[in-house]
Amino acid sequence: MLVSRRHFLATAAAGIALPQRLWSASRIESGAMQVETLSDGHLVLPADFVFGGMPETELAPILARHGLASGALEPPCNVTLLRDGSRTILFDVGAGADFMPTAGRLSEALDALDLSPEEVTHVLFTHGHPDHLWGLLDEFDEPLFANARHMMGRAEFDYWMDPDTASTIGEARQSFAAGARRRLEAIANRISLFEDGEAVLPGVTARLTPGHTPGHMAFLIDAADPMMILGDAVTNPHVNFERPDWPSPSDQDAELAAETRVGLLDQLSADGLILVGFHLPEGGIGRVERAAKGYRYLPG
Ligand SMILES: [Zn+2]
């Protein structure tokens, strides 16, 4: 099942608002580098959007282990902020005001840190979905992070700028296509595009992680404690870890996303990398270890 923005909003309105931390305050200091996640709020997703098509008898015990009742999921949204004394880098910019009433709160999180949007030097995008991109513009449709250099993977940018995408992406995601194109057009003359494997900035290497979107990028951070900013290559702490090979309708190319996830979790667990997940719980910073079945997310 695919979900349109209208469906997201209807579900959000019907859901029960749970108190959420305004900003998550997960933080790592690694040498001169400080990485923290800021909460943009959370999404409200119908369970079928994530679990649709998965084998129910195997799925039920996984959901039970993670305390998930049936009904809407409320994944958090963690925007990553990396500061090293000279650079202030945001990885994605949150949802802005127009996507979902429970998201779009990054400005409040920045306020809580006494950081103004003008102080951000770089904005790096993992992909062009609304909860990652739509916070790009202010209420006058000007770039909110006015002094920042904006950067996105070339394949991802080309996909969302392609006029054909709106007609080929499927009805449920049409609003994603229109929304991405409108926003990317506003920065088309100032955005820098990069390729898979490119050192985007000193110590930051792009890694193509396709499936969730066609040109999705993760970022490998070369710090004293190496880490990977995953974006939505891994989106939840339950089925994505226990059964990374299960396709999920929340990924645009579900088979390719599963293949990407299997490879990533294998590498992250083998190398002991810190991972930073946009929708993972407790601030989204943690590690992964192999479990009897699949993998396990270890927050913190
Ligand atoms: Zn997302």
Side-chain angles (χ1 to χ4, degrees), residues 1-5 7-9 11-12 20 24 26 37-52 72-81 90-106 109 123-136 152-153 156 159-160 169 172-173 175-177 179-180 183-184 207 209-219 228-241 244 247-254 256-258 260-261 264 275-286 297:
M1 192 189 108
L2 299 174
V3 179
S4 66
R5 178 165 172 256
H7 191 161
F8 280 124
L9 294 175
T11 311
Q20 298 271 332
S24 50
S26 284
T37 53
L38 310 182
S39 176
D40 190 50
H42 67 278
L43 303 182
V44 180
L45 305 176
D48 265 4
F49 181 68
V50 177
F51 305 128
L73 298 173
E74 300 197 342
C77 299
N78 309 303
V79 173
T80 302
L81 173 69
L90 277 182
F91 294 84
D92 296 329
V93 293
D98 299 330
F99 182 49
M100 223 180 250
T102 56
R105 305 180 68 178
L106 178 63
V123 170
L124 272 60
F125 292 103
T126 60
H127 65 298
H129 274 171
D131 49 325
H132 301 254
L133 174 70
W134 286 16
L136 174 68
M152 182 180 261
E156 186 72 5
Y159 178 72
W160 294 111
I169 195 170
R173 286 183 165 96
S175 67
F176 291 12
R183 286 166 180 83
L184 290 176
R207 161 96 174 253
T209 37
H212 184 69
T213 59
H216 185 284
M217 289 283 187
F219 298 97
M228 191 179 282
I229 294 166
L230 290 171
D232 282 4
V234 178
T235 49
N236 65 62
H238 30 78
V239 292
N240 273 182
F241 281 82
S248 166
S250 64
D251 298 314
Q252 189 172 323
D253 183 335
L256 180 59
T260 292
R261 208 158 42 233
L264 270 179
L275 56 89
V276 187
F278 193 89
H279 296 298
L280 293 181
E282 299 187 46
I285 299 179
Y297 173 56

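First listed ligand is number 1; within each ligand, the first listed atom is number 1. Residue numbers start at 1 and run along the sequence shown.
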min-distance N/O/S atom, Asp131 vs the Zn ion (ligand 1), resolves to OD2

Counting only N and O atoms by type, is there a donor-acceptor contact under 3.5 Å from the side chain of Asn240 to the main-chain atoms of Thr235? yes

Hey, what's the ring geometry for Phe99 with Trp134, parallel, tilted or perpendicular (30° and 60° as the breaks)? perpendicular

Under 3.5 Å, side chain of Thr213 to main-chain N/O of His127, donor-acceptor pair present? no

What N/O/S atom of Asp232 is the closest to the Zn ion (ligand 1)? OD2

Presence of N, O or S from His212 under 2.8 Å of the Zn ion (ligand 1): no

With respect to the Zn ion (ligand 1), please indicate if His132 possesses an N, O or S atom at a distance under 2.8 Å. yes

Expected output: side-chain Ser248 to main-chain Val50 donor-acceptor under 3.5 Å: yes

